[in-house]
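All values reported here derive from a predicted model rather than from experimental measurement. Counting starts at 1 for both ligands and their atoms, following the listed order.
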Amino acid sequence: MLFKNLRVVTSKGTVDCDIQVDHGLITHIGKDIPGEGTDFSGSYTFPSIVDLHVHARDFNQRYKETVKTCTEAAVAGGVTTVVDMPNTDPPVITKEAFEMRKSLFERESVCDFALNFGVVDTMEEISQVTPLFVKVYLSETTGHILFRGDSRELLSLGKPIAVHSDLETTKEWCRLNKGILYVCHVASKPEIEFLRGQQVIREVTPHHLFLTRSDDVLSTVKPPLGREEDRKALWSNLGSIDVIGSDHAPHTLEEKMQGASGIAGIETMLPLLLHARHKELLTLEDIALRLCDIPCKLVNSLLGYRKGFFVGADADFTMIDPGKEWVIDASEFKSKAKHSPFDGWRVRGKVVRTFVKGESVFEADL
Ligand code: DOR
Ligand code: ZN
Ligand code: ZN
């Protein structure tokens, strides 16, 4: 399978090339590779977009979202690997639930995936599973898996940890931490300013970059949206944001009306960032660093995945048309949550095609 005339976006610039793919892997990157292939001139290609923060629901919450609908939404949004969060019902806090989750994804997922593992009190089972991160809920949110264990004991296990936390507790964990600490959804000015000098991985969500607090129930989320000065501080500290993750957190419209926290954002993340690029708030390279390069390095080094732009990598590609203007229509989402605070936004930049391990998994109606 030959991909012709690609313009591949990496954090270090764009590369014009052809790519040969065999058995789902990149086997050759070069100029004018001979042979019949599909021509992709006019579009840009992101290699392996990994969304490190996804709540795929399923299990007893299939009414909100299933692995199938979530990953269909992912590839429609250009995401080729999702990393699933453990605050499910039942939660992924035992080896048994982890194994169930894994086989569910193996059966139903239309993109690649990795799983996080939750911890409430006992740490016995952590060594028996292979998550990307151990996710630690240190402040209240959807689900009931607030951490009640001993932080020093958990940190002494040396596992990569992702935290959902408030600023004071984050500060404490930064002090105690000696390993890999991933701070989810940095949302406020004091938080990004504190974390600037810390040895942690800082994640920001699209909703905290694009929205401020309002009385729109569709945008209720944890951590809450900031004020304009918080939002601006995230943009002015873009250099210290390592990862942009969607925090895709679908709920039904009825639940949203009753105050449920979470935004189904996996289909709008890349389009919103492409629109911001059109507005010159960031570059394609900035997007590639935070959606591809840093997340790929994490799954490669921690789980032995082969994600990225190199011979031997999985052929995960997202083609985008940077100039295409269109209107976000939540009623057309693949996600079961067909509502969004971004519904009706006119944006420039569209996902046109998505490949996972060489297989075409999404093609936009243009
Ligand atoms: O708003 C949120 N919703 N924040 C979270 O951290 C969890 C998420 C969910 O699972 O609904
Ligand atoms: Zn969270
Ligand atoms: Zn989350």
Just to verify, what does D32 make a side-chain hydrogen bond (donor to acceptor under 3.5 Å, both in side chains) with, not counting sequence neighbours?
none

What lies under 2.8 Å from the Zn ion (ligand 2), restricted to protein N/O/S atoms, is H164 ND1, H185 NE2

side-chain contact (heavy atoms from CB on, under 4.5 Å) filter on S156, not counting sequence neighbours, yields none

Non-hydrogen atoms closer than 4.0 Å to ligand 1: which protein residues do they belong to? List them by chain and number, please.
H55, R57, N87, T141, T142, H164, H185, V221, K222, A249, H251, S261, G262

Heavy-atom side-chain proximity of T66 to E108 below 4.5 angstrom:
no

What I'd like to find out is whether the side chain of P206 reaches to under 4.5 Å of the side chain of T268, using heavy atoms alone.
no

W235 vs F210 aromatic rings, parallel, tilted or perpendicular, using cut-offs 30° and 60°?
perpendicular

Quick one: which of V120, L154, T169, V163 gives a side chain to side chain contact (heavy atoms under 4.5 Å, CB included) with F147?
L154

Quick one: does D230's side chain get under 4.5 Å of R227's, heavy atoms only?
yes

Using the rule given for side chain to side chain contact (heavy atoms under 4.5 Å, CB included), can you reason through E106 versus F113, listing the C-alpha separation, both sets of side-chain angles and the distance that settles it, and then say yes or no?
CA-CA 9 Å; E106 278 162 359; F113 70 95; 4.0 Å; yes

Looking at F317 versus F40, is the centre-to-centre ring distance below 6.0 Å?
no

